[in-house]
Amino acid sequence: MDANTRVFVAGGDTLIGAALLRQLDNRGFTNVVGRGEDEPDLRDAHAVETFFAETRPECVFLAAGRSGGIKCNQEHPAQLMLDNLLVQTNVVKAAHEAGVQDLLYLASSCSYPKHTEQPMRVESLFTDKLEPTNEAYATAKLAGLVLCQAYSREYGRRYLQCIPANAFGIEDDFTPEGGHVIPALFARMHAAKEEGADHIDIWGTGKPRREFLFADDIADACLFLVDNHSDATAPVNVGGGDDLSIAEVAEAIKMVVGFPGELRFDTSKPDGMPLKALESSQLLSLGWQPRTPFAVALSETYDSFLRHQNAPENQNAPQRAVV
Ligand code: GFB
């Protein structure tokens, strides 16, 4: 891609979609269509078809579809599954019909079986049962992967797919109901510090391990893949960091926030998958690696939380709507 390529980021308001837009801006892309209010309602097939017919993007990043942390997945499986199925079906179909040759679809690491070889290799997809807390969402994401492979095979498109590690970052979902562990703990620990609480409850045992990646690094990898990868028959894992236990992550967040209280573990809450780490040698051997150290990424995430928190118009508003 060069800076004149007409690009559409489907889901420009999602964590990774917004990071993709920042990366495109940083690289001087001047022809980004469908930003902000110009993005059609992606659940509406007709609106999506019309948008593609009118704007004719040359490359599409499909980062759309609702997602959320473990609580959100437990409480809203139908909404998450349906939203993702609708959005990805509409975008892939309309992109093909408008002649878009290049697309990159972002799946999720929860598409891997609950119990599988670690770090997880793409060959392990579809080999065993999914983690029950996110089975519905993960099934929709798996359908998206196969849909892109099918369009590539049947119509000669290059509809690439990638599976990012657990993402976090700027303008994340900081609500306790919707957020993943890092943004949710920033918000809860910040509130506990303000209230002078002597402890905070961390959900689960603290033992599960996750590989985390800053959303801006994931966006960087997506642009790298479009420029350096052509095989649409299988997804590419996007990782490259270390896996950490939830207890270790909570300690790191405690340091950044400056919360002096105790961390307690509420084992009545679910752990989810015991370990999620990605085998990313394919991407790393192409020459990509994450740029942002974990500590820096945590600070940037907390700064983003504070910016939102301190903006007068947001005093009582949640950061991002809950499903
Ligand atoms: O980030 P998280 O919600 O997603 O939870 P998953 C990771 C771990 O952190 C779990 C624990 O063991 C949680 O119990 N945890 C501790 C917390 N305190 C908190 C908290 O305050 N909030 C949250 N959210 N977790 C998601 C899937 O699974 O991963 C999605 O549900 C998606 O479908 C995403 O795929 C990448 O990694 O467990």
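In what follows, every heavy atom counts, from backbone to side chain, and hydrogens, waters and symmetry copies are set aside. As the structure lists them, so they are numbered: ligands from 1, and atoms in each ligand from 1.
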In chain order, what residues pass the side chain to side chain donor-acceptor pair (under 3.5 Å) check against Tyr112, with sequence neighbours excluded? Asn237
Side chain to side chain donor-acceptor pair (under 3.5 Å) partners of Asp220, counting only residues at least two apart: Arg27, Trp288, Arg291
Under 3.5 Å: donor-acceptor pair, side chain of Ser304, backbone of Glu300: no
Plane angle bin for Phe214 and Phe168 - parallel if under 30°, tilted between 30 and 60°, otherwise perpendicular: tilted
Mind checking what makes salt bridge (charged side-chain N to carboxylate O under 4.0 Å, His left out) contact with Arg6, not counting sequence neighbours? none
Salt bridge or not between Glu135 and Lys129? Use side-chain N to carboxylate O under 4.0 Å. no
Shell of residues surrounding ligand 1, defined by a 4.0 angstrom heavy-atom cut-off that is strict: Gly68, Gly69, Ile70, Asn73, Ser108, Cys110, Asn134, Tyr137, Asn166, Gly179, His180, Val181, Ala184, Leu185, Arg188, Ile202, Trp203, Pro208, Arg210, Ile246, Pro270, Asp271, Lys276
